[in-house]
Amino acid sequence: MDRRMHLVGKVALVTGGASGMGCGFAEALLKAAAKVCIADINVETGVATESDLRQQYGHENVMFSKCNITSATEFEAVFKRTKEAFGGIDIVVNNAGIGGETDENWEQTVDVNMKGTLRGLRLAMYYLSVEHGGRGGCIVNVASMTGLNPNPLSPVYGCTKAGIIHATRCYVVSEAAKKSNIRLNVLCPAFVDTPMFRRLAAGDATQTIGGDQTAVTAFIERIGVLSTEEVSVALIDILTDETRNGLILRCAKKTGNVYSTLTVQDV
Ligand SMILES: NC(=O)C1=CN([C@@H]2O[C@H](COP(=O)(O)OP(=O)(O)OC[C@H]3O[C@@H](n4cnc5c(N)ncnc54)[C@H](O)[C@@H]3O)[C@@H](O)[C@H]2O)C=CC1
Ligand SMILES: CCCCC/C=C\C=C\C(=O)C/C=C\C/C=C\CCCC(=O)O
């Protein structure tokens, strides 16, 4: 039996799609002939990315929608707009996220990464579910390698990413996912060359605790840095291979792409 999900004509919503990894995901989806809504808080970059992608992949296949994922109203409006414009939603990539570990910004990290992604996950479950007019599909949540492996530089950020991994695993075993044939997986990249990464590498002290740039540089050198294209290949594999469900996909420069589950203990 053919277990490939063909992406031609499929509709994808990518949060944080204006730049970095999200922009790479949008482009990879468009190359596979899907239609994409990029949702992002940054209007200037979002409009520029929309224009660039429209020129390359067709006006009718790309839309930008302004959305702060911490706003319930804005986020729901993006789902509605995408459905109206493209006739449904098949794929949701919850990618938007930030770093921040200072006294001033750590709660924002929790609000965006944890609450924002949970909001996107809940909306995706609703809009993909058959009982609410959906047609099933695939949800990919972007966490991080540091949601699995501890690192001392960004405990709050790491914790939000661990939360995203666990939330995904809980929805995977839900009746709602099974009833509507919704696949859920979580992507856990190590470092990827994006504006967020470049800020860290350039010494943005708000991204880590301790402000020890020597430790940050040594950490980056040890782990290596992926390109957005490399991570996009991983995303397309998750989306097109319909046997991929409930999986954690780790991506790192030195170790490549490794699928796994977390062990569940019998109790
Ligand atoms: N760059 C890296 O090394 C890694 C990044 N990640 C994760 O990948 C995801 C994408 O990160 P990058 O592309 O590196 O970052 P980025 O900063 O380059 O792009 C993130 C995008 O999300 C948008 N965004 C931020 N807050 C938002 C909000 N409240 N609502 C809507 N959009 C918002 C930004 O405007 C930006 O366009 C994040 O969740 C990040 O935590 C995971 C592993 C490694
Ligand atoms: C280090 C925190 C940075 C905060 C935000 C900037 C970039 C985000 C990058 C990531 O999400 C990935 C970061 C690190 C993961 C890499 C490896 C973790 C495993 C560590 C180890 O095995 O020692």
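Counting starts at 1 for both ligands and their atoms, in listed order.
Only the backbone of Ala190 comes within 4.0 Å of ligand 1, counting heavy atoms alone; no side-chain atom from C-beta on gets that close. At a heavy-atom cutoff of 4.0 Å, ligand 1 is contacted by the side chain of Ile98 but not by its backbone.
Counting the atoms of ligand 1 from 1 in the order shown, those under 4.0 Å from a heavy atom of Asn42 are 35 (O). Taking every non-hydrogen atom of Phe191 and a distance limit under 4.0 Å, the qualifying atoms of ligand 1 come out as 3 (O). Which parts of ligand 1 touch Tyr157 is read off a 4.0 Å heavy-atom cut-off, strictly below it: atoms 5 (C), 6 (N), 7 (C), 40 (C), 41 (O), 42 (C). Short contacts between ligand 2 and Ser154, defined as distances under 4.0 Å to a heavy atom of the residue, involve ligand atoms 1 (C), 2 (C). Against a heavy-atom cut-off of under 4.0 Å, Ser144 is close to the following atoms of ligand 2: 10 (C), 11 (O), 12 (C).
Using 4.0 Å as the threshold, Lys161 has a heavy atom nearer than that to some atom of ligand 1. Arg222 counts as a contact of ligand 2, since one of its heavy atoms falls under 4.0 Å from the ligand. For the ligand labelled ligand 2, residue Phe197 lies outside the 4.0 Å heavy-atom shell. Ligand 1 is approached by Cys67 to a heavy-atom distance shorter than 4.0 Å. The shortest separation from a heavy atom of Val192 to ligand 1 is under 4.0 Å, placing the residue in contact. Note on ligand 1: Ala143 sits in its first shell, one or more heavy atoms being nearer than 4.0 Å.
Under the 3.5 Å distance criterion, the side-chain polar atoms of Glu101 are matched with a main-chain donor or acceptor of Val156.
Checking Met21, Arg199, Lys66 against atom 4 (C) of ligand 1, the nearest heavy atom belongs to Met21. The option from Gly22, Pro195, Cys188 that lies nearest to atom 18 (O) of ligand 1, judged by heavy atoms, is Pro195. For atom 29 (N) of ligand 1, the nearest non-hydrogen atom from the set Val142, Thr15, Asp193, Asn68 belongs to Asn68. Of the candidates Thr194, Ile223, Leu153, the one placing a heavy atom closest to atom 17 (C) of ligand 2 is Ile223. Residue nearest to atom 7 (C) of ligand 2, selected from Glu101, Lys253, Met196, Arg199: Met196 (by heavy-atom distance). Taking only non-hydrogen atoms, the option from Asn95, Ile69, Leu200 nearest to atom 10 (C) of ligand 1 is Asn95.
Donor-acceptor pairing under 3.5 Å is lacking for the side chains of Asp111 and Thr70. Side-chain atoms of Thr146 and Asn151 include a donor-acceptor pair closer than 3.5 Å. Donor-acceptor pairing under 3.5 Å is recorded for the side chains of Thr102 and Asn105.
Salt-bridge check for Arg54 with Glu60: failed, with every basic side-chain N at 4.0 Å or more from each acidic carboxylate O. Under a 4.0 Å N-O distance rule, the pair Asp40/Lys66 does not qualify as a salt bridge.
In this structure, the side chains of Asp237 and Asn257 stay at 4.5 Å or more apart for every pair of heavy atoms. With contacts defined as side-chain heavy-atom distances shorter than 4.5 Å, the pair Cys37/Val78 qualifies. Between Thr240 and Leu7 there is a side-chain heavy-atom pair separated by less than 4.5 Å. The side-chain heavy atoms of Val130 and Lys179, taken from C-beta on, include no pair separated by under 4.5 Å.
At the top of the distance list for atom 8 (C) of ligand 2, counting protein heavy atoms only, stands Tyr157 OH, 3.5 Å. The protein non-hydrogen atom at the shortest distance from atom 12 (P) of ligand 1 is Thr194 OG1, 3.6 Å. What sits closest to atom 20 (C) of ligand 1 on the protein, heavy atoms only, is Gly97 O, 4.1 Å. The protein non-hydrogen atom at the shortest distance from atom 32 (N) of ligand 1 is Ile41 N, 3.3 Å. Summary of contacts: the protein heavy atom closest to atom 35 (O) of ligand 1 is Asp40 OD1, 2.6 Å. Of the protein's heavy atoms, Gly16 CA, 3.3 Å lies nearest to atom 22 (O) of ligand 1. Closest to atom 19 (O) of ligand 1 among all protein heavy atoms lies Ser19 OG, 3.4 Å. Remark: minimum distance from atom 43 (C) of ligand 1 to any protein heavy atom is reached at Pro189 O, 3.3 Å. Nearest protein neighbour of atom 20 (C) of ligand 2, counting heavy atoms only, is Phe219 CE1, 3.6 Å. Among protein heavy atoms, atom 13 (C) of ligand 2 sits closest to Phe191 CE2, 3.5 Å. Of all protein heavy atoms, the one lying nearest to atom 15 (O) of ligand 1 is Met196 CB, 3.3 Å.
Within the cation-pi definition used here (under 6.0 Å to the ring centroid, within 45° of the axis), Arg250 does not qualify as a partner of Tyr259.
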Check the pair Tyr157, Gln207 against side-chain hydrogen bond (donor to acceptor under 3.5 Å, both in side chains), reporting the backbone distance first and the verdict last. CA-CA 9 Å; Tyr157 177 82; Gln207 302 294 292; over 6 Å; no
Do Thr261 and Ile248 pass the side-chain contact (heavy atoms from CB on, under 4.5 Å) test, and can you show the C-alpha distance, the side-chain angles, and the key distance before you say yes or no? CA-CA 6 Å; Thr261 53; Ile248 296 165; 6.0 Å; no
Can Glu27 and Glu229 be said to form a side-chain contact (heavy atoms from CB on, under 4.5 Å), step by step? CA-CA 9 Å; Glu27 177 145 27; Glu229 289 78 11; over 6 Å; no
Trace of the salt bridge (charged side-chain N to carboxylate O under 4.0 Å, His left out) decision for Glu230 with Lys253: CA-CA 9 Å; Glu230 285 171 310; Lys253 192 72 190 173; 3.0 Å; yes
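Polar contact with ligand 2: present for Asn149 (N/O pair, distance under 3.5 Å). Where the criterion is an N or O separation shorter than 3.5 Å, residue side chain and backbone included, Asn151 fails it with respect to ligand 2. By the 3.5 Å distance cut-off applied to N or O atoms, Gln207 is not counted among the residues near ligand 2.
Here Tyr126 and Phe79 keep their ring centres 6.0 angstrom or further from each other.
In terms of heavy atoms, Pro189 sits closest to Ala143 at CD-O, 4.0 Å.
Environment of CD in Glu44: sparse, with no more than 12 heavy atoms of neighbouring residues, nucleotides or ligands closer than 6.0 Å.
A distance of 11.5 Å separates CG of Leu247 from OG1 of Thr168, quoted to the nearest 0.5 Å.
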